[in-house]
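Throughout, protein chains are lettered first and strands after them, A, B, ... in sequence-line order, and every chain is numbered starting at 1.
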Protein chains: 2
Amino acid sequence: MLEAKVTSQDVARLAGVSQSAVSRVFTPGASASKATIAKVRAAAEQLGYRPNPLARAMITGKSRIIGLVVAYLDNQFYPAALERLSNALQDKGYHILVFTAANSQDGIERVINDLMDYQVDGIITASVAMSSDLTARCAGAGIPVVLFNRGQPGAGLSSVTSANVEGGRKVARFLVGAGHSQIAHIAGWQGALTGRDRQRGFVEGLADLGVEACGLIDGMYDRDTAAAAARVLLDGAAPPTAIFVGNDHMAFAVIDQARAMGRVVGRDVAIVGYDDVPLAAWGAYDLTTVRQPLNRMVEATVETLLAQIADPARASQQIEIDGPLVVRTSARGEI
Amino acid sequence: MLEAKVTSQDVARLAGVSQSAVSRVFTPGASASKATIAKVRAAAEQLGYRPNPLARAMITGKSRIIGLVVAYLDNQFYPAALERLSNALQDKGYHILVFTAANSQDGIERVINDLMDYQVDGIITASVAMSSDLTARCAGAGIPVVLFNRGQPGAGLSSVTSANVEGGRKVARFLVGAGHSQIAHIAGWQGALTGRDRQRGFVEGLADLGVEACGLIDGMYDRDTAAAAARVLLDGAAPPTAIFVGNDHMAFAVIDQARAMGRVVGRDVAIVGYDDVPLAAWGAYDLTTVRQPLNRMVEATVETLLAQIADPARASQQIEIDGPLVVRTSARGEI
DNA sequence: CTCCAAATTGCATACGTTTGCAAAAGTTGT
DNA sequence: ACAACTTTTGCAAACGTATGCAATTTGGAG
């Protein structure tokens with residue numbers, strides 16, 4: 001019972017018009033009389049016709065597909081972003097080709113090549129770094145790129161992030177204000193601007209208040225690495241009374257580690273994260289953290305991307321969105 | 001600096017052969033002499049030629065795109081599955097079009113229509129139900145469908161799940177064996193076979209041992225609903241000493257709720273989940289749960305789907321994969 | 001060297017659409 | 001009713017590839 005695929009020719013025949021007429025009825029900008037529109041719509045309905053996007057893409061060069069490149073989905077922040085990005089773009093009539101890529105130059109390169117083959121209209125990358133070579137290739141092919149939650153210094157690409165420097169500052173002021181003086185930082189990966197910015201804001205914020213971090217380790221955005229860092233810090237001669245962790249995902253590991261060492265989080269040691277993923281609000285962690293306003297970040301990403309697709313000449317822009325510090329019990333306002 | 005797109009014509013001209021020859025070099029099954037292959041490859045390399053998958057799809061009818069439909073990504077099980085499915089299919093030369101769809105008939109219908117427009121070679125659905133109408137449409141269009149982690153009684157679709165009935169039984173035997181007699185169940189959504197099977201296995205397993213569940217509430221796969229159910233159970237006159245929850249995602253909410261009521265999980269009340277998502281192993285929950293062997297489920301899904309694509313006449317199959325009960329501290333082997 | 005089968009190649013067409021162009025049909029003003 | 005427009009319509013040529021068919025080349029075997 002294979003239903004043969006119905007083409008615009010079939011509809012044209014049934015409606016008694018030319019194939020071009022059918023095409024024009026289904027092409028937003030084109031001109032067609034009320035009468036033809038009615039006839040064509042009726043015939044199309046009867047036959048169950050739907051325009052073939054592939055054929056359309058081939059001729060227009062626009063596929064209405066957005067490539068979304070993501071490295072890993074362990075960190076709850078990214079699935080949440082993926083879900084919202086997908087919904088937002090679907091509402092705008094775009095479809096999403098998702099690629100999970102190992103976060104290596106080789107992996108990214110192959111993925112981007114595939115994306116370009118499919119004539120995607122735009123690319124969003126999350127938790128991934130692009131080489132300048134690749135950046136140039138996309139620009140050369142006229143494909144807009146927006147980096148989500150990750151800046152790229154000097155690449156001339158659009159990006160949407162939260163105000164990471166300011167966020168780091170907020171944590172510094174909060175912890176010092178709460179009376180802490182032994183404060184450590186388990187940073188995000190130094191290879192990513194996001195992590196560096198948070199660290200910089202944090203360190204500068206401490207300095208402004210005359211405090212120096214008593215420990216500073218790179219957690220590589222990885223649970224195990226972060227937990228190991230926490231063990232080192234808490235095992236030290238003068239263990240910190242507060243730890244700022246580069247993102248929530250690592251902060252959960254740090255909390256698990258601290259508890260495994262017998263500490264009561266929020267009393268013996270204060271722990272602050274960054275992202276405010278849903279899990280941060282769950283009872284088991286109740287994590288004090290800087291919120292990344294996901295909805296607004298997604299809106300800004302979609303808006304920027306579509307604007308660049310509509311006008312390729314448009315200059316790229318780096319958008320930063322401010323988010324509040326959300327205080328929960330893992331780090332209270334006072335010791 | 002727009003680099004013009006290079007076509008098989010250009011390569012043919014440079015290599016001094018016909019366009020067909022170029023096509024044949026890049027088409028796996030076709031025949032070409034060593035000499036032409038070399039010339040064409042060289043020319044293609046020099047020009048940076050890559051075959052256009054859209055044009056190829058239009059003529060062959062095969063897009064090498066797999067549609068993946070997913071309803072929500074809150075439950076950590078699904079992002080993990082998405083990531084692995086994506087990688088596995090990419091390795092096989094397929095690309096993934098991901099759709100997040102509200103889990104309503106209307107939402108699913110629109111998404112599947114879109115998928116069929118893009119001439120996807122196959123569809124995988126996760127955490128989503130398909131109407132029999134839609135099922136028939138896909139079959140009519142000759143598009144194989146595999147349901148991931150969800151069976152559909154009588155739909156004649158392929159599906160890959162864990163051995164849910166047996167899994168429920170395992171939990172029953174474990175809890176009774178540990179000495180519990182006041183045992184409740186917060187089930188998954190009754191509208192999904194997965195949830196019903198786990199419940200059935202559990203209830204039957206208890207019955208076999210002469211025990212009857214002291215409470216049975218539908219948690220709708222939702223945190224809030226599950227937490228409310230837990231509150232009702234634990235507030236009752238004769239609260240259960242053990243609760244089997246339909247999946248890990250809800251179990252975490254149940255644990256949070258129990259703790260908020262002052263209970264020590266694993267001592268005052270035993271809690272068992274289902275899935276063994278990564279979070280289940282984290283210190284904050286340390287959840288006893290039935291493992292769904294994700295890797296093997298993904299393998300089976302990809303294998304089944306590709307087999308059906310290769311041979312559309314192939315009968316659909318329902319695959320069940322057995323998984324062990326993983327004992328952690330949220331429910332110990334003895335009271 | 002000859003002949004035959006097998007392998008390779010080019011030609012031309014098809015896939016399902018969009019779009020420039022020119023012809024046809026409406027619309028308006030006088 | 002006629003001219004001067006504007007809108008609608010059909011024709012035909014793309015877009016970049018795969019593939020059946022017939023012609024050509026190749027490789028051996030005798």
Original post:
In whole angstrom, what separates B:K34's NZ from C:dT8's P?
Top reply: 9 Å
Original post:
A:S18 side chain to A:A21 main-chain N or O, any donor-acceptor pair under 3.5 Å?
Top reply: yes
**OP:** Check whether any side-chain N or O of A:S8 sits under 4.0 Å from OP1 or OP2 of C:dT17, and answer yes or no.
**Re:** yes
**OP:** Hey, can you tell me if A:F148 and A:F77 have their rings parallel, tilted or perpendicular (30° and 60° cut-offs)?
**Re:** parallel
**OP:** Mind checking A:S23 for me? I need base, sugar-phosphate or nothing, with any heavy atom below 4.0 Å counting as a touch.
**Re:** base
**OP:** May I ask you to check whether over 12 heavy atoms, not counting those of B:D106, lie within 6.0 Å of atom CG?
**Re:** no
Subject >> Rounded distance (Å) that lies between atom C1' of C:dC15 and atom CG of A:L54 >> reply: 11 Å
**OP:** Report which part of the nucleic acid A:T7 touches: base, sugar-phosphate, or nothing (heavy-atom distance under 4.0 Å, all strands).
**Re:** sugar-phosphate
Subject >> Within 6.0 Å of CD in A:E303, more than 12 heavy atoms from elsewhere >> reply: no
Original post:
Pick one: which of B:Q318, B:R314, B:Q308 meets side chain to side chain donor-acceptor pair (under 3.5 Å) with B:S158?
Top reply: B:Q308
Original post:
So what does B:Q19 touch, heavy atoms closer than 4.0 Å: a base, only the sugar-phosphate, or nothing?
Top reply: base
Subject >> Phosphate OP1/OP2 of C:dT9 contacted by B:T36 side-chain N/O (<4.0 Å) >> reply: yes
**OP:** For B:I59 and C:dT13, give me the distance from atom CD1 to atom P, rounded to whole Å.
**Re:** 14 Å
**OP:** Look at all strands and tell whether B:V22 reaches a base, only sugar-phosphate, or nothing, counting heavy atoms closer than 4.0 Å.
**Re:** nothing
**OP:** Using a 4.0 Å heavy-atom cut-off across all strands, classify A:S33 as base, sugar-phosphate, or nothing.
**Re:** sugar-phosphate
Original post:
Within the structure, does a side-chain N or O atom of B:Y118 lie under 4.0 Å from either OP1 or OP2 of C:dG16?
Top reply: no
Subject >> pair A:R41-A:F26: side-chain heavy atoms closer than 4.5 Å >> reply: yes
Subject >> Residue whose closest nucleotide on DNA chain C lies nearer the 5' end, B:G16 versus B:A55 >> reply: B:G16
**OP:** Mind checking A:T60 for me? I need base, sugar-phosphate or nothing, with any heavy atom below 4.0 Å counting as a touch.
**Re:** sugar-phosphate
**OP:** Could you tell me whether A:P51 contacts a base, only the sugar-phosphate backbone, or nothing, with contacts defined as non-hydrogen atoms closer than 4.0 Å?
**Re:** sugar-phosphate
Original post:
Could B:E109 and B:R137 be called an ion pair, given the rule that one side-chain N must be under 4.0 Å from one carboxylate O?
Top reply: yes
Subject >> Outermost DNA chain D nucleotides near chain B [under 4.0 Å, heavy atoms] >> reply: D:dG16 to D:dG20
